[in-house]
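Below, chains carry the letters A, B, ... as their sequence lines are ordered, and counting in each starts from 1.
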Amino acid sequence: MGESIASSECPECDGRLRVEGDETVCEACGLVVAEDRLDRGPEWRPLDGDRRERTGAPLTRSRHDRGLSTEIGRGGRRLTGRKRRLLRRLRRQHNRARIPTKSKRNLVYGFTEIRRIAEALSLPESTRDQACVIFERAQDEDLLRGRSIEGFAAASVYAACRMASFSRTVEEVAAVARADADELRVAYDPMNRELGLPTGPVDPSEFLPRFSSELNLPVRIEARARELLVDLRESGHLAGRNPCGVAAGCLYAAAREANYPLTQKRVAKVADVTPVTVRGTYRELAE
DNA sequence: ACGATTATTGCGTTCTT
DNA sequence: AAGAAAACAATAATCGT
């Protein structure tokens, strides 16, 4: 067989690949491996009323005007002073007209920040756009007043990741956002409450691929850790525990089982927990 | 405000080289 | 024998309810 259609490992980090919407993304690093947005029927635009009469270029959620903007360039410089002044005036007025209201301005700012965060986290487009949807809903529900836009931008990204089973910790998001972890939480809580986000508890297995590849562990160890995880789940041992810590503990146990050299300290570090926590789930596994 | 989980710190023990 | 890693314990901080 010539070129295989679906290789199942990420070319960057060997993480597992998953199809999400039009994209094939790496669960570990979020790299978009393949994109295919040709002829997939009507564009996916949730929560957007019935305005589906437009046609044209693919729309993106992450610009307030969904990419349908026109700019007046400053290309030719072979103009007389009078025409240059005219053009300059036109350009200024045009740019003003693009942003009709104050609230739109906030949207623009929020979307810009979301783009920036999503870029820093190498998130797939679909997740980024989902974050924009969430942000816009939050503003429509008037959740923003008295709270920071940056916090909501970060929280939107965090929420979108969780909804895509792509969870990042609030610390990870806050690290690249212009908001700290507290701001993120202060924004996320009302969003989760008022918007009724479909986010169940975070499954520790969502962290296995990323941790595993950061530690360069063989795939068989990650697979074994996944098995240990379902054991824990079935015996009800992971209620209320930090999912990162549980994932780290399973990786450690799997490595030790295979006599693969991996210290508690190292897994604990990539999982952003302490060795004590790793040990906690490790001994749970020794039933 | 409460109970459970986790972090932190310190220290005697076990494993590796 | 020396140094690192894992285990243990007590207290403080944090989180979910």
From CZ of A:Arg279 across to P of B:dT14 the rounded distance in Å is 15 Å
note: A:Asp182, atom CG; C:dC15, atom P; distance rounded to Å ~ 8 Å
Would you mind checking if A:Arg226 and A:Glu222 are paired as a salt bridge, meaning a charged N to carboxylate O distance below 4.0 Å?
-> yes
Atom NZ of A:Lys269 and atom C1' of C:dA6 are separated, to the nearest Å, by 19 Å
**Asked** Is a donor on one side and an acceptor on the other found under 3.5 Å between the side chain of A:Glu206 and the backbone of A:Ser167?
**Response** yes
Does OP1 or OP2 of C:dA7 have a side-chain N or O of A:Gln264 closer than 4.0 Å? yes
Next on the checklist: Is the shortest side-chain heavy-atom distance between A:Cys161 and A:Val173 below 4.5 Å?
Outcome noted: no
Assign each of A:Val276 and A:Lys265 the nucleotide of DNA chain C bearing its closest heavy atom; nearer the 5' end lies the nucleotide of A:Lys265
Atom CD of A:Glu171 and atom C1' of B:dT6 are separated, to the nearest Å, by 12 Å
Considering only heavy side-chain atoms of A:Thr263, the closest of B:dT9, C:dA5, C:dC15 is C:dA5
- Item | A:Glu284/A:Arg233 salt bridge by N-O under 4.0 Å criterion | no
- Message: So, OP1 or OP2 of C:dA7: does either fall under 4.0 Å of a side-chain N or O from A:Tyr282?
- Response: no
Evaluate the criterion salt bridge (charged side-chain N to carboxylate O under 4.0 Å, His left out) for residue pair A:Glu119 and A:Arg116; output intermediate values, then yes/no. CA-CA 5 Å; A:Glu119 185 67 28; A:Arg116 202 183 59 75; over 6 Å; no
Quick note, A:Arg256 side chain, CB onward, closest among C:dA6, C:dC15, B:dT5 is C:dA6
Here the distance between atom P of C:dA4 and atom CZ of A:Arg266, to the nearest Å, is 16 Å
Hey, does the side chain of A:Arg241 come within less than 4.0 Å of B:dA4's phosphate (OP1/OP2), counting only N and O?
no
Separation of C:dA7 atom C1' from A:Arg283 atom CZ, nearest Å, is 7 Å
A:Asn242 atom CG is separated from B:dT8 atom P, nearest whole Å, by 13 Å
Picking from C:dA6, B:dT8, C:dC15, the nucleotide nearest the side-chain atoms of A:Thr274 would be B:dT8
